Protein chains: 2
Amino acid sequence: MSLRAIIDKSLGDRPAAKGRIRQRQEGAILKAAEKVFARAGYQGATLNEIAETAGVPKPTLHYYFSSKEALYRAVLDNILALWLAETDTLTVDADPAAALEHYVRAKMRLSAERPDASRVFANEILHGAGHIGDFLRSELRELVRDRADVIARWVADGRIAPVDGTHLFFTLWAATQTYADFDSQICAVLGKARQTAADHARATDHVLTVVMRTCGLPWPRTDVPPTLPEARHTCST
Amino acid sequence: MSLRAIIDKSLGDRPAAKGRIRQRQEGAILKAAEKVFARAGYQGATLNEIAETAGVPKPTLHYYFSSKEALYRAVLDNILALWLAETDTLTVDADPAAALEHYVRAKMRLSAERPDASRVFANEILHGAGHIGDFLRSELRELVRDRADVIARWVADGRIAPVDGTHLFFTLWAATQTYADFDSQICAVLGKARQTAADHARATDHVLTVVMRTCGLPWPRTDVPPTLPEARHTCST
DNA sequence: GTCTATAGACGGATAGAC
DNA sequence: GTCTATCCGTCTATAGAC
């Protein structure tokens, strides 16, 4: 896993050593940039708005990041690290139901807690992935191949129903990220101004249902000892 | 269904009567605009590039469409009509398996044949649906409520497994549209330059598997008389 | 290291010839 | 109805004072 390499690469085009103030400033700028890029896209975002959101004068951006492009790359690199996380539970030796549940919950949590990150990523892919094509074709492709092999092994061993591992990932990503990326549509259909915690719980439960039934696994899980909290269905209103 | 009204509305801000040349020009412009908006987003698209793609001088755009905004609206309105289509097979009296299969196949076909339309729509939602919020909150919301009621009725009658109808739509849309919207990611992971017909067939088969198993329906369908062609699994290489 | 002021490029829109 | 030439606004990026 060259995750560290990816992060390091993202730091490459910024000055090497970090002072305290520098870290704080960069953090604030990156956070603001993610927000603005998420709402407006790359071209739609203006450095002016990012600077305003971050609470710094505009030229300060250019001091820390050489260009709009470089800032965008830095935002993307942070997101890629998030994106690769949580896949390590999907191993041949793991319990399929527990491992899948963990991964789905992690993805749903990411959608709920970092929707802007998800949207920036989605926007990048939607417009051809010009900045992260190499990442997709190398790191991500390898990761999916490995995990799809695990799925195939589970299928071969009769531990889950026959399913294409690669496409299962496509479906799983789509189903989880839609709650962040297409939030405005979700809210419109649900007739709400924004998704609540209860909505999120219901959505998670639904996606888990889809994934588990697709894999022929019992759901709600029946083999779970009382070590876990009993209230699995958290679909209160 | 005010689908007609939506289309008519889209024609509203253009001159009423249509000459042959006018229709041809507008068609070419709309087609080019969809392509450019899909690749670059609203802000990223330039009238220059749209004019070039359409093969007309730039001011001609302004003759047919009063502004970039108006052109974008016209493109969106065409897409909304596509988007609402094919839901009428989902009725209480229909066979759940056949109706769901029809809808999923229609959505997958749309992703394969009109990926740019799907991407423009996705981009619009992704950035807050500022132009089509009213549509989402009225037409789409009503449509989903009606269809979710059908799903609920099927569940109540024991014809499909218990599932949240509204979220089933979210999942279904996400799973089908991901093959158009996130094409660059799909291709990167599959290690191909572009999705082939065989890829599309395999994807369709997978999504149908997911939806059918989620609804507790047999798949591949067992109740289909020999009126349909036998080769259902078209996953050739 | 930080900010004001501005240069330079570009895109949307229009005036006016044909 | 169609296109050439151009205006005006906005945005990225930088020069230079502090």
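Below, each value reflects all heavy atoms present in this structure, side chains not excepted, and no hydrogens, waters or symmetry copies. Keep in mind that what you see is a predicted model, and the values were worked out from it rather than measured. Residue numbering restarts at 1 for every chain, and letters A, B, ... go by the order of the sequence lines.
Between the CZ atom of A:Arg24 and the P atom of C:dT2 there is a distance of 11 Å, rounded to whole Å. What separates NZ of B:Lys68 from P of C:dA13 is a distance of 8 Å, to the nearest Å. In this structure, the NZ atom of A:Lys58 is 17 Å from the P atom of C:dT2, given to the nearest Å. Distance, B:Glu69 CD to C:dG11 P: 19 Å, rounded to whole Å. With rounding to whole Å, B:Leu61 atom CG is found 15 Å from D:dG1 atom C1'. For A:Leu47 and C:dC3, the CG to C1' distance is 16 Å, given to the nearest whole Å. Spacing between atom CD of A:Gln43 and atom C1' of C:dC10 amounts to 12 Å, rounded to whole angstrom units. Rounded to whole Å, the distance from CD on A:Glu49 to P on D:dT10 is 14 Å.
The side chain of B:Ser67 has C:dA13 as its nearest neighbour among C:dT2, C:dA13, C:dA5. Minimum atom distance to the side chain of B:His62 is reached by C:dA13, of the listed D:dT2, D:dT12, C:dA13. The side chain of A:Tyr64 approaches C:dT2 more closely than any other nucleotide in the set C:dT4, C:dT2, D:dT2. When distances run from any side-chain atom of A:Pro57 to the nucleotides C:dC3, C:dA13, D:dT12, the shortest one goes to C:dC3.
Under 3.5 Å, the side chains of B:His127 and A:Asn123 contain a donor-acceptor pair of N or O atoms.
Of the side-chain N and O atoms in B:Thr60, none sit less than 4.0 angstrom from OP1 or OP2 of D:dG1. Taking 4.0 angstrom as the limit, A:Thr46 places none of its side-chain polar atoms (N or O) nearer than this to OP1 or OP2 of D:dC11. The phosphate of D:dG1 has neither OP1 nor OP2 within less than 4.0 Å of any side-chain N or O from B:Gln25. For the pair B:Tyr63 and D:dG1, the criterion of a side-chain N or O lying under 4.0 Å from OP1 or OP2 is met.
When B:Phe121, B:Tyr103, B:Trp83 are each tested for a ring pair (Phe, Tyr, Trp, His ring centres under 6.0 Å) with B:Trp173, only one passes: B:Trp83.
Residue contacts shown for A:Ala45 are limited to sugar-phosphate atoms, with no base heavy atom under 4.0 Å away.
Residues B:Ala148 and B:Gly165 approach most closely at CB-C, 4.1 Å, considering heavy atoms.
No more than 12 heavy-atom neighbours from other residues, nucleotides or ligands sit within 6.0 angstrom of CD on B:Glu52. Annotation for B:Lys68: atom NZ counts as buried by contact number, over 12 foreign heavy atoms lying within 6.0 Å.
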